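On a predicted model such as this, the values are computed, not experimentally measured, just so you know. In each ligand, atom 1 is the first atom listed, and ligand 1 is the first ligand listed.
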Amino acid sequence: MSNKRISLTRYLVEQQRVDGHIPSQLRLLLEVVARACKSISQAVNKGDLGGVLGAASTENVQGEMQKQLDIIANEVLIEANEWGGHLAAMASEEMDSIYVVPNRYPQGEYLLLFDPLDGSSNIDVNVSIGTIFSVLKKPEGSIGVSEQDFLQRGAQQVAAGYCVYGPQTTLVLTVGDGVAMFTLDREQGSFVLTKENVQIPPDTKEFAINMSNMRHWDAPVKRYVDECLIGKEGPRGKDFNMRWVASMVADVHRILTRGGIFMYPWDKREPEKPGKLRLMYEANPMGWLVEQAGGAATNGKQRILDIQPGKLHERVSVILGSKNEVERVTAYHTGL
Ligand code: AHM
Ligand code: MG
């Protein structure tokens, strides 16, 4: 990368103009999402000073208690995005059904899905959290907009990303041409390109999984983790390290930065649930980012991005990160 500072705006304009990767409506959408993330970042930074910590007295559609910041972040994203004319509708972890852009505003061609504040259990303890988003195109010829329009495979995403609120606020983005990272310069108030062409090394010695669920796992996941734990003396012939932030954004950010494997697999606690994480606004955007950086993402049996969603808040088992490790865990499931 050259020494000159490239802002997110400039990066997107160049993607639009030089490379033809993004139409102007999509560029506007991404700028608006970035602006919303800046404002969420400010609320996160204020913490107790802004009175934003602690629980709200509501539950979301998944039956999880909401935190005040979950609700604030959701509102910030909706308010920022509803009036610009780039969207037809939005969907969020924190809303039961889709939010159609009110008819006082122009309707756009895109659909935006988000987990407004991922890692909710880390909000009050000052550990990294983030926003995850996925962008789809409204299917051609559909009249009005319905939940059905959202039910597209992850492979059909036109943009995806996340913003991690940690020691730095970093926005990570793909429009299908690799992965770029932008760090928030708080003095200037703008996101500045700090990494391009992000690549995940194919091999790793670091795994991320909630080990307290071990007794509930299925045999293939147990086998993989057991082999990591045996280390040098076992079939892997090397020692492994473990990291688990419990914010998917932070765990995936580490993997995009230095490699690793992240798993939130199906387990026996609630066997009818395919997993904990949500397909459309957690696994799909993260899966595409990881693939765009040379990694892989599966549910143990198939590529995440090939799964046809049956409903908006569908859950999925997630195994993603360094390609050779993800392929190994997947092979333990499929027997191939
Ligand atoms: P959330 O969207 O309600 O925050 O839940 C998703 C989070 C992920 O960020 C993280 O990987 C996982 O849940 C943590 O789960 P656990 O509490 O089992 O460690
Ligand atoms: Mg989440």
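For the residues Glu94, Glu93, Lys67, the heavy atom positioned nearest atom 2 (O) of ligand 1 is part of Glu93. Remark: among candidates Arg278, Met263, Met248, Met286, the nearest residue to atom 5 (O) of ligand 1 is Arg278, based on non-hydrogen atoms. Atom 16 (P) of ligand 1 has its nearest heavy-atom neighbour, among Asp267, Asn122, Val249, Asn210, in Asn210.
In summary, the aromatic rings of Tyr162 and Phe133 are positioned with their centroids too far apart to meet the 6.0 Å limit. Aromatic ring centres of Phe207 and Trp244: separated by at least 6.0 Å.
Using a 4.0 Å cut-off between charged nitrogen and carboxylate oxygen, Glu270 and Lys276 do not count as a salt-bridge pair. A salt bridge does not link Asp203 with Lys323: every distance from a Lys NZ or Arg NE/NH1/NH2 to an Asp or Glu carboxylate oxygen is 4.0 Å or more.
Residue contact annotation: Ile129 has no non-hydrogen atom under 4.0 Å from ligand 1.
The backbone N or O of Trp288 sits nowhere less than 3.5 Å from a side-chain atom of Gln292 that would complete a donor-acceptor pair. Checked by atom type and distance alone, the side chain of Gln308 pairs as donor or acceptor with a backbone atom of Leu151 at under 3.5 Å. Side chain of Glu196 to main chain of Met181: no donor-acceptor pair is present (N/O by atom type, distance under 3.5 Å, no hydrogens or angles). Of the possible donor and acceptor atoms, one in the side chain of Ser247 sits under 3.5 Å from a partner among the backbone N and O of Ser128.
Interface atoms of ligand 1 facing Asp115, defined by a heavy-atom separation under 4.0 Å, are 2 (O). Atoms of ligand 1 lying under 4.0 Å from at least one heavy atom of Trp244, given by number and element, are 11 (O), 14 (C), 19 (O).
With a heavy-atom cut-off of 4.0 Å, Asp251 does not touch ligand 1 at all. Residue Ser247 touches ligand 1 through its backbone alone, judged by heavy-atom distances below 4.0 Å. Residue contacts with ligand 1 for Phe262 involve side-chain atoms from C-beta outward but no N, CA, C or O (heavy atoms, distance under 4.0 Å).
An N or O contact shorter than 3.5 Å links Tyr264 to ligand 1 by distance. Polar contact check, Lys276 against ligand 1: a nitrogen or oxygen pair lies under 3.5 Å apart. Close N/O approach between Glu282 and ligand 1 is found [any backbone or side-chain N/O within under 3.5 Å]. Note: no N/O pair closer than 3.5 Å links Asn213 and ligand 1 by distance alone.
Of the residues listed (Lys311, Arg153, Glu314), the one engaging Leu279 in a side chain to side chain contact (heavy atoms under 4.5 Å, CB included) is Glu314, and it is the only one.
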